[in-house]
Amino acid sequence: MDVIDEQFAALKERDRYAGATLTRLPNGTAVVTIPNFPLPPAGWNRASTTVYFVVPVGYPTARPDTFWTDGDLTLASGAEPQATNRNNDTHGLPDKRNLRWYSWHPSAWNPNRDNLLNYVGVIDRRLRDPR
């Protein structure tokens, strides 16, 4: 079991992320998929979405960066969320639908301290702030 497997197991221990999957890709990256990711009760056009992110080659020294949600996730008003784009450039994600890409990056990353659960926290904080 490597560091990705260990950290992914810790992520799945959280009830909120129990349905998460980890898919290893031939290019050495891995994709974490979290279905039914809860959204705040106001601000988005739905109550939950599927979240995807890539664990890069070289992790944990190389940090995860950016993430995707279901392509039809918008603000409650129908507007496009800030710092997003709908595209099919999914960097090897197994689901090739027209996903919504979030150009959202951790402000800091320490490979000796940070882990996959911390990165999911970065995603959660972004999605808790519908803008």
Side-chain angles (χ1 to χ4, degrees):
M1 183 180 275
D2 68 8
V3 68
I4 295 171
D5 291 324
E6 290 172 6
Q7 290 184 12
F8 182 73
L11 176 77
K12 282 192 60 98
E13 287 177 3
R14 302 287 176 110
D15 288 341
R16 185 175 183 188
Y17 311 124
T21 59
L22 177 71
T23 305
R24 300 282 184 149
L25 300 178
N27 65 5
T29 64
V31 175
V32 174
T33 303
I34 307 173
N36 303 311
F37 196 95
L39 299 170
W44 296 101
N45 67 334
R46 51 200 295 187
S48 67
T49 190
T50 300
V51 165
Y52 308 84
F53 67 93
V54 174
V55 182
V57 173
Y59 179 86
T61 302
R63 69 182 182 193
D65 190 52
T66 75
F67 66 96
W68 292 260
T69 64
D70 295 319
D72 60 351
L73 182 64
T74 65
L75 298 178
S77 67
E80 302 287 315
Q82 174 186 351
T84 71
N85 186 18
R86 288 179 58 166
N87 65 51
N88 290 317
D89 182 13
T90 56
H91 300 274
L93 296 181
D95 189 340
K96 294 289 190 181
R97 294 177 299 154
N98 190 22
L99 300 176
R100 180 172 300 284
W101 171 70
Y102 288 72
S103 177
W104 206 254
H105 321 281
S107 58
W109 183 263
N110 180 336
N112 297 311
R113 179 193 67 228
D114 293 317
N115 55 43
L116 296 179
L117 190 57
N118 294 129
Y119 187 68
V120 171
V122 169
I123 295 169
D124 186 56
R125 283 187 296 281
R126 168 59 182 98
L127 295 175
R128 294 229 166 266
D129 183 14
R131 56 179 155 135

Can you get from Val3 to Val57 by hopping between Ile, Leu, Val, Met, Phe, Trp and Tyr side chains that sit under 4.5 Å apart?
no
Report the residues that fulfil salt bridge (Lys or Arg N to Asp or Glu O under 4.0 Å) with Glu6, sequence neighbours left out, ordered by chain and then residue number.
none
Just grab all the salt bridge (Lys or Arg N to Asp or Glu O under 4.0 Å) pairs involving residues 21-37, residues at least two apart or on different chains.
Asp2-Arg24, Asp5-Arg24
Examine the side chains of Thr84 and Trp101 and answer whether a donor and an acceptor come within less than 3.5 Å of each other.
no
Run the numbers on Glu80 and Arg86 for salt bridge (Lys or Arg N to Asp or Glu O under 4.0 Å), then give the verdict.
CA-CA 9 Å; Glu80 302 287 315; Arg86 288 179 58 166; 5.3 Å; no
Any side-chain heavy atom of Phe53 sitting closer than 4.5 Å to one from Ile123?
yes
How would you list, by chain and number, every residue that makes a side chain to side chain donor-acceptor pair (under 3.5 Å) with Asn36, sequence neighbours excluded?
none
Tyr119 OH to Gln7 CD distance, which is reported to the nearest 0.5 Å:
14.0 Å
Any Val120 side-chain heavy atom under 4.5 Å of Phe37 side chain
yes
Pro56 and Asp65, any side-chain heavy atoms less than 4.5 Å apart
no
Can you name the residues that form a side chain to side chain donor-acceptor pair (under 3.5 Å) with Ser103, not counting sequence neighbours?
His105
Salt bridge (Lys or Arg N to Asp or Glu O under 4.0 Å) contacts touching residues 42-58 (sequence neighbours left out)
Arg46-Asp70, Arg46-Asp72
Would you check if Pro60 and Asp114 make a side-chain contact, meaning some heavy-atom pair closer than 4.5 Å?
no
Determine the minimum heavy-atom distance between Trp44 and Leu127, stating which atoms define it.
NE1-O, 2.8 Å
Any residue meeting side chain to side chain donor-acceptor pair (under 3.5 Å) with Arg131, in chain and number order, not counting sequence neighbours:
Gln82, Asp129
Not counting sequence neighbours, list each pair that qualifies as a salt bridge (Lys or Arg N to Asp or Glu O under 4.0 Å) and has a residue in residues 32-44.
none
Any Thr33 side-chain heavy atom under 4.5 Å of Val51 side chain:
no
Side-chain heavy-atom pair Tyr59, Asn115 within 4.5 angstrom cut-off:
yes
Sequence neighbours left out, cut at 3.5 Å: what donor-acceptor pairs do the side chains of residues 9-22 make with other protein atoms?
residue	atom	partner	partner atom	Å
Lys12	NZ	Ala18	O	2.7
Lys12	NZ	Ala20	O	2.9
Arg16	NH2	Asp124	OD1	2.7

For Asn110, side chain to side chain donor-acceptor pair (under 3.5 Å) partners two or more places apart:
none
With Ser77, which residues qualify under side-chain contact (heavy atoms from CB on, under 4.5 Å), at least two apart?
Leu75, Ala79
So CG of Leu39 and OG1 of Thr69: to nearest 0.5 Å the spacing works out to 8.5 Å
What are the two closest non-hydrogen atoms of Pro130 and Ala42, and how far apart are they?
CG-O, 3.7 Å
Side chain proximity check, Val55 to Leu116, heavy atoms < 4.5 angstrom:
yes
Considering only heavy atoms from C-beta outward, does the side chain of Thr74 approach that of Arg100 to under 4.5 Å?
yes
Salt bridge (Lys or Arg N to Asp or Glu O under 4.0 Å) contacts in which one or both residues fall within residues 25-43, not counting sequence neighbours:
none
Ring centers of Phe67, Tyr52 separated by less than 6.0 Å
no
